[in-house]
Trainee: 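One structure coming up, written as structure tokens, with questions to follow.
Residue numbers count from 1 along this sequence. Just follow the structure's listing: the first ligand is 1, and inside any ligand the first atom is 1.
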Amino acid sequence: MADIIRLLPDHVANQIAAGEVVQRPASVVKELLENAIDAGATEIKLIVKDGGKTLIQIVDNGIGMSVTDARLSFERHATSKIQKAEDLFNLSTKGFRGEALASIAAIAHVEMMTKTETDEVGTHIKIEGSKISSQEVAVVPKGTSMLVKNLFFNIPARRNFLKSDQVEYRHIADEFHRVALAHPQIAFHFYSNGSEVFMLPSTDFRKRIVHIFGRKTNEKLVPVHEDTKVVRISGFVHKPEFAKKSRGEQFFFANNRFIKSPYLHHAILGAFDGLIKPGTHPGYFLCLEVDPGTIDINIHPTKTEVKFDDEHTLYAYLKSAVKHSLGQFNVVPALDFNQDPNLNTPYGYENKQVTTPHVSVNAGFNPFQEDTPTASRGGGYTKTSAKGWENLYEGLQVNKQEFEPSTIAFESEEINSTIFDHEKNQVDAVTTTFQLRKKYIITTIKSGMVVINQSRAHQRVLYEKFLKNITIKEAVSQQLLFPLSLPFSSGELEILKEIKDNLCAVGFVFGEINSETVEVKGVPVVVVESEVQMVMDQLISDFQMEISADSFSQSDMLAKTLSKTLSVKTGEFLDQKSQIALVNDLFACKEVTLSPFNKPTYITITENDIDRKFI
Ligand code: ADP
Ligand code: MG
């Protein structure tokens with residue numbers, strides 16, 4: 001048999017390698033940013049278009065390359081960073097595989113301009129699908145500019161696999177955050193589709209965090225410091241009360257490199273144990289410095305997991321360092337120079353007269369009496385209508401009946417509930433209800449009774465209402481007496497801009513939006529003013545994961561989030577009128593049986609069921 005084994009041509013080998021190195025535009029951004037940092041740049045500019053699919057450009061003022069190096073840099077296994085295998089155990093650079101440029105050049109149109117300090121002129125190289133198409137002398141400043149266009153132009157399957165521009169942009173922004181946080185002393189500029197996203201001056205770690213995540217972050221941070229023989233720990237954790245529902249702001253850096261470590265993450269969770277509500281996640285920005293010989297950076301190009309020699313010790317140190325910081329912050333706030341001013345005792349207090357505490361007793365208290373309605377909740381079920389404030393409501397077509405949910409004409413279509421279909425008379429006649437354990441509403445039907453989960457039922461009602469508002473754009477806004485100015489980070493602002501149209505459709509009214517704050521002038525009627533920030537934060541964190549380009553799923557997600565956040569919760573007392581209104585509203589919905597999250601809204605217990613229990 002003839003010999004059949006052949007060496008793959010370089011461009012094919014490069015394309016295969018590219019599959020590992022470059023998964024999406026964000027991988028290119030990461031590799032090129034790291035090269036710029038390895039080149040000693042003090043200023044780096046990142047420009048992207050269409051989520052990096054059309055263009056990614058990175059300009060640095062680092063050491064640049066000579067003509068020969070410029071050409072060699074695109075060869076596979078061409079690196080200036082290691083020479084022998086032992087060097088792998090003492091890495092101080094980000095790159096070392098010498099594969100990134102070769103891989104990128106195999107699957108995109110690449111242009112590089114570069115010049116060293118000492119060379120008079122620089123080099124301009126164009127390369128497409130691993131082939132150099134031109135090489136010229138160029139007059140350029142010291143440093144390197146890499147231009148990557150039309151990613152995956154020659155691998156349509158990979159190109160089609162990319163997500164929407166917004167999603168790809170978010171991956172790039174995440175990568176950018178990681179690199180920018182790991183190197184606060186380097187100045188970064190980031191532009192997307194022609195507009196400036198970040199302009200980060202050279203600074204310290206704390207200010208870098210604040211520049212990226214917004215002004216309001218500053219007061220959330222508690223410093224962490226621990227110096228031991230094995231590791232130097234520095235950075236910040238969020239104060240426990242700022243723990244979030246989403247796991248957004250959690251960063252570990254080891255020797256200035258972003259890493260993921262579920263094990264060390266667990267150490268942080270341990271330190272926060274008992275301090276944060278279940279289901280919420282602490283924020284942290286922690287830097288570990290260890291001897292480069294004791295850390296094994298994953299050889300896989302895109303993996304961020306690393307292996308530490310003595311992980312157990314590190315775990316213990318980390319947990320105690322974070323615990324210590326949190327303890328110090330809680331117990332002796334005076335020692336914390338970055339303390340929250342709210343924790344201070346006002347100066348006047350020292351001389352204040354001591355008064356005997358006064359306990360007031362309600363002599364008429366009857367423990368067996370039902371509770372009185374609690375403070376107003378969204379949805380209007382316990383809200384007394386805002387009489388006299390009508391003039392504050394925007395929109396001429398305001399229908400005052402909005403405030404009486406029982407009278408909202410929901411859908412003009414036939415009510416199509418399964419139980420009520422043939423019991424139509426009862427629908428109009430729901431007049432008796434009973435609230436069980438502030439959780440269920442019970443009402444009777446001809447064949448027996450229905451037990452309605454109040455929270456899920458209200459979610460369903462609100463969900464359909466918001467979805468309808470979005471689709472037919474007839475939401476009713478409640479104008480705020482004093483517009484609120486809410487702080488957001490630039491990442492959050494990006495998301496807000498994406499969903500702004502839909503937010504307006506459900507009744508939000510926005511004023512000026514600048515680089516750090518958003519002015520909110522009006523909110524949907526069901527939103528209480530004190531909850532606006534909470535509602536917006538929840539919306540952003542829900543959308544943070546994935547913004548869909550498709551407008552239906554965006555509306556759907558918005559309606560879901562709002563219904564979840566604003567619904568009456570288990571544990572809330574509803575007065576008789578609200579109970580009846582909720583039941584009627586639920587059974588006027590298009591889909592009665594399920595909450596927007598596909599959970600049953602009610603169960604029926606027939607007379608037969610009950611009879612059987614008595615046998
Ligand atoms: P690696 O970073 O693993 O060495 P790359 O393919 O990313 O491999 O880069 C190959 C080589 O090209 C680097 O080792 C470096 O010498 C050179 N290089 C790449 N980017 C730059 C840059 N921005 N400035 C200076 N030199 C660079
Ligand atoms: Mg590299």
Trainee: Closer than 2.8 Å to the Mg ion (ligand 2), which protein N, O or S atoms?
Mentor: Asn35 OD1

Trainee: Provide the full list of salt bridge (charged side-chain N to carboxylate O under 4.0 Å, His left out) pairs with a residue in residues 127-146, sequence neighbours left out, each pair given once.
Mentor: none

Trainee: Does any donor atom in the side chain of Thr123 or Gln135 lie under 3.5 Å from an acceptor atom in the other side chain?
Mentor: no

Trainee: What residues, two or more places apart in sequence or in another chain, satisfy side chain to side chain donor-acceptor pair (under 3.5 Å) together with Asp291?
Mentor: none

Trainee: Any side-chain heavy-atom pair from Val535 and Phe508 closer than 4.5 angstrom?
Mentor: yes

Trainee: Tell me if the NZ atom of Lys216 is crowded by more than 12 foreign heavy atoms within 6.0 Å.
Mentor: yes

Trainee: Would you call Leu101 and Glu31 a side-chain contact if the rule is heavy atoms closer than 4.5 Å?
Mentor: no

Trainee: When you compare the side chain of Leu503 with that of Leu539, does any pair of heavy atoms fall below 4.5 Å?
Mentor: yes

Trainee: Who are the residue neighbours of ligand 1 when the rule is a heavy atom under 4.0 Å from any of its atoms?
Mentor: Asn35, Ala39, Asp60, Gly64, Met65, Ser73, Ala78, Thr79, Ser80, Lys81, Gly95, Phe96, Arg97, Gly98, Glu99, Ala100, Leu101, Thr144

Trainee: Indicate whether any N or O donor in one side chain lies under 3.5 Å from an N or O acceptor in the other, for Thr42 and Asn61.
Mentor: yes

Trainee: For Ile56, run the side-chain contact (heavy atoms from CB on, under 4.5 Å) check against Ile104, Val110, Val28 and tell me which one passes.
Mentor: Val28

